[in-house]
There are 2 protein chains.
Amino acid sequence: MNPPTIKDVAKAANVSVATVSRVLHNLAGYSDRTRQKVMQAVEELGYQPNAIARGLVNKRTQTIGVLFPHVSSSFSSDILHGIEETAQEKGFSVIVCNTAEEGKRTMKYLQVLREKQVDGIVFTSEVLKDEYYQAIKEMRVPVILVNTMSQKHMIPYVKVDDRQAAYHATNYLIQKGHREIAMISGSLKDQIAGYPRLEGYRQALADNGIEYLESRVAIGGFQLERSREAMKKLLTEAPPFTAVFAASDEMAIGAMNYAFEQGIKIPDDLSIIGYDDLKFARMVYPPLTTIHQPLTMMGRLASEKLISLIEQSEMQVSSSIVSHQLVERQTVRSKP
Amino acid sequence: MNPPTIKDVAKAANVSVATVSRVLHNLAGYSDRTRQKVMQAVEELGYQPNAIARGLVNKRTQTIGVLFPHVSSSFSSDILHGIEETAQEKGFSVIVCNTAEEGKRTMKYLQVLREKQVDGIVFTSEVLKDEYYQAIKEMRVPVILVNTMSQKHMIPYVKVDDRQAAYHATNYLIQKGHREIAMISGSLKDQIAGYPRLEGYRQALADNGIEYLESRVAIGGFQLERSREAMKKLLTEAPPFTAVFAASDEMAIGAMNYAFEQGIKIPDDLSIIGYDDLKFARMVYPPLTTIHQPLTMMGRLASEKLISLIEQSEMQVSSSIVSHQLVERQTVRSKP
DNA sequence: CTGAAAGCGCTAACAG
DNA sequence: CTGTTAGCGCTTTCAG
């Protein structure tokens with residue numbers, strides 16, 4: 001009636017549970033004959049090991065937890081895809097945790113993950129608060145940061161160099177002949193995607209002898225609506241400009257839409273470059289020139305690192321700055 | 001050194017583990033005094049219950065598994081979002097499983113989920129093969145289908161009525177004065193998003209006394225590129241038409257892009273309506289008129305149903321056809 | 001009100 | 001080569 005256990009198999013095969021366990025794990029120490037019997041019993045009963053019981057004794061669950069601020073965003077789901085893919089290859093399952101805005105549920109989730117005895121944690125796209133750090137430390141499991149990092153604690157991370165990528169984007173615009181370049185930025189309090197990207201922009205201007213004008217940067221927030229407003233503000237209040245660097249694709253697209261509505265042609269009248277290279281960057285018209293972040297690959301990398309920490313329990317850190325890429329599509333034109 | 005167990009708490013509080021368990025579960029049978037002692041010990045030791053051990057005896061893991069053909073798609077991640085949200089509210093964790101194209105990894109994952117003793121399964125956007133059905137049946141856990149269904153087996157599902165939604169879309173175009181309406185369809189072998197939507201389109205034409213022309217439907221596949229080709233084919237080979245119904249937003253956008261490149265203005269020269277209402281439908285320019293599927297809500301609903309099946313073990317089916325919605329944006333215009 | 005003890009299904013010594 | 005046994009951490013009778 002109940003699902004067969006290792007005991008049932010043992011009984012059916014007329015051996016001890018230890019022997020069954022042995023053949024199931026391909027350990028040494030049994031005759032071929034025994035092996036046959038066991039395998040047959042397994043077959044007949046349709047036996048499947050119980051990972052919970054196994055986990056209890058092994059103190060390993062072959063499960064990792066992944067924390068996201070938003071599960072449903074192209075951004076997060078690309079990362080998740082990468083994580084899940086290599087996790088499953090290495091025999092791990094992944095529990096997704098949507099921490100919601102402001103990490104409201106982060107602590108709660110950390111506790112759940114602890115109770116569920118996950119073997120490791122991937123923490124993405126959010127600032128790792130001290131509180132979180134402590135909680136994870138108490139769990140004694142490895143963590144990997146993705147798309148974020150911690151100055152304070154030595155925790156391995158996987159991310160692109162935002163500052164450098166923003167520099168790259170801005171510099172590209174400059175190479176294309178633009179000198180009046182506006183920026184739509186995220187909140188400067190955002191230590192991940194806000195401040196560093198603005199810094200990259202400023203540095204690129206500086207290195208090219210272009211004056212930085214505060215009036216040319218609009219703080220947009222990462223949602224579509226906010227960036228439309230930002231664009232509007234820029235268009236009406238900022239000194240004239242011929243190109244704009246948006247700190248995310250979504251912002252870039254909001255800006256593009258607003259521009260379209262105003263009869264501004266992209267890239268003829270205005271060049272624009274985004275950041276992220278989400279799937280829809282290729283789908284808008286004209287296709288958006290942008291900074292590509294290899295999100296899926298970053299997820300894979302994080303998964304690999306985490307699992308190697310779990311398996312070898314070599315607690316050494318080894319972060320990766322993965323390289324971004326500038327994808328030229330059709331929203332930037334050379335200024336003659 | 002090791003994380004404290006219930007035993008440690010018992011010792012520290014000078015009571016038995018049974019008592020600790022009682023107060024932790026708010027069961028009756030202990031003095032207030034005892035309660036205090038236990039709580040204090042829990043506090044001091046920083047005790048957290050071990051869900052694995054608990055799961056072993058309870059035969060419940062408070063975990064559900066969710067199978068997706070693609071984790072990284074706006075579509076799946078919206079559903080996942082809904083599932084995760086209500087799951088966590090009800091005290092369940094979710095393991096994501098990316099079954100990859102063709103469900104290549106479905107069987108393998110089903111086995112993993114069985115070994116991990118999940119309490120239930122959500123199966124999305126794929127045909128439930130007999131093989132899968134058998135495997136799940138052997139697991140003796142409830143399943144909910146999302147965005148798919150099974151004729152053969154009585155399994156509760158949550159989905160919109162594709163045929164009806166497609167009818168709605170087509171009919172809308174007709175109401176707007178269009179009579180030459182093309183369609184970009186998915187594969188007709190696709191029992192979920194392919195065939196039924198074409199049927200809806202045909203029926204709407206029929207009900208309005210419009211002749212169905214096979215030459216006006218192009219099979220596009222759901223990816224961007226394929227739908228560009230489909231649009232191209234339509235534009236060159238099909239009889240003239242003034243509107244097109246695309247079986248997905250992605251297809252609609254591919255078609256739009258191709259049209260733009262050809263200098264066709266949307267909606268002035270050509271109206272277009274999509275299907276899904278993914279996030280980017282709002283982001284393209286002009287914003288896409290489309291059929292909204294309440295994906296997050298469907299995820300929530302599925303989660304709720306599943307968990308109630310798990311908790312009450314009332315194995316009765318109760319499917320939901322959730323209602324779609326036609327979202328009017330700016331890609332369809334009335335034909336005078 | 002409280003404790004002892006029997007498992008849940010599995011692994012891993014330890015003895016043969 | 002194979003079996004016995006002691007747990008893993010927790011819940012839950014069953015006795016006091």
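When reading the values below, keep in mind they use all heavy atoms of this one structure, side chains included, and skip hydrogens, waters and symmetry mates. Proteins get letters first, then strands, A, B, ... in listed order; numbering begins at 1 in each.
One finds no side-chain N or O of A:S16 lying less than 4.0 angstrom from the OP1 or OP2 phosphate oxygen of D:dT2. Between A:T34 and D:dC1 there is no side-chain polar atom (N or O) within less than 4.0 angstrom of OP1 or OP2.
To the nearest angstrom, C1' of D:dT11 lies 15 Å from OH of B:Y30. If you measure from atom CZ of A:R35 to atom P of D:dT2, you get 13 Å, rounded to the nearest angstrom.
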Q: Apply side-chain hydrogen bond (donor to acceptor under 3.5 Å, both in side chains) to the pair A:S320 and A:K305, showing each step before the final yes or no.
A: CA-CA 10 Å; A:S320 295; A:K305 278 187 201 294; 2.8 Å; yes
Q) Would B:F75 and B:Q293 count as a side-chain contact (heavy atoms from CB on, under 4.5 Å) if you check the C-alpha gap in whole Å, the side-chain angles of each, and the deciding distance to 0.1 Å? A) CA-CA 10 Å; B:F75 193 89; B:Q293 297 204 67; 3.5 Å; yes
Q: Can you check each nucleotide of nucleotides 9-16 of chain C against protein heavy atoms at under 4.0 Å and return B for base, S for sugar-phosphate only, - for none, in 5' to 3' order?
A: BBSBBB--
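Looking at A:R105 and B:E84, a side-chain N of the basic residue comes within less than 4.0 Å of a carboxylate O on the acidic one, giving a salt bridge. We find that B:K152 and B:D130 are joined by a salt bridge, their nearest charged nitrogen and carboxylate oxygen being less than 4.0 Å apart. A salt bridge is defined here as a Lys NZ or Arg NE, NH1 or NH2 lying under 4.0 Å from an Asp or Glu carboxylate O, and A:E138 with A:R114 meets this definition.
Between A:H153 and A:Y133, the ring planes are parallel. Angles under 30° get that label, and only those over 60° would be called perpendicular.
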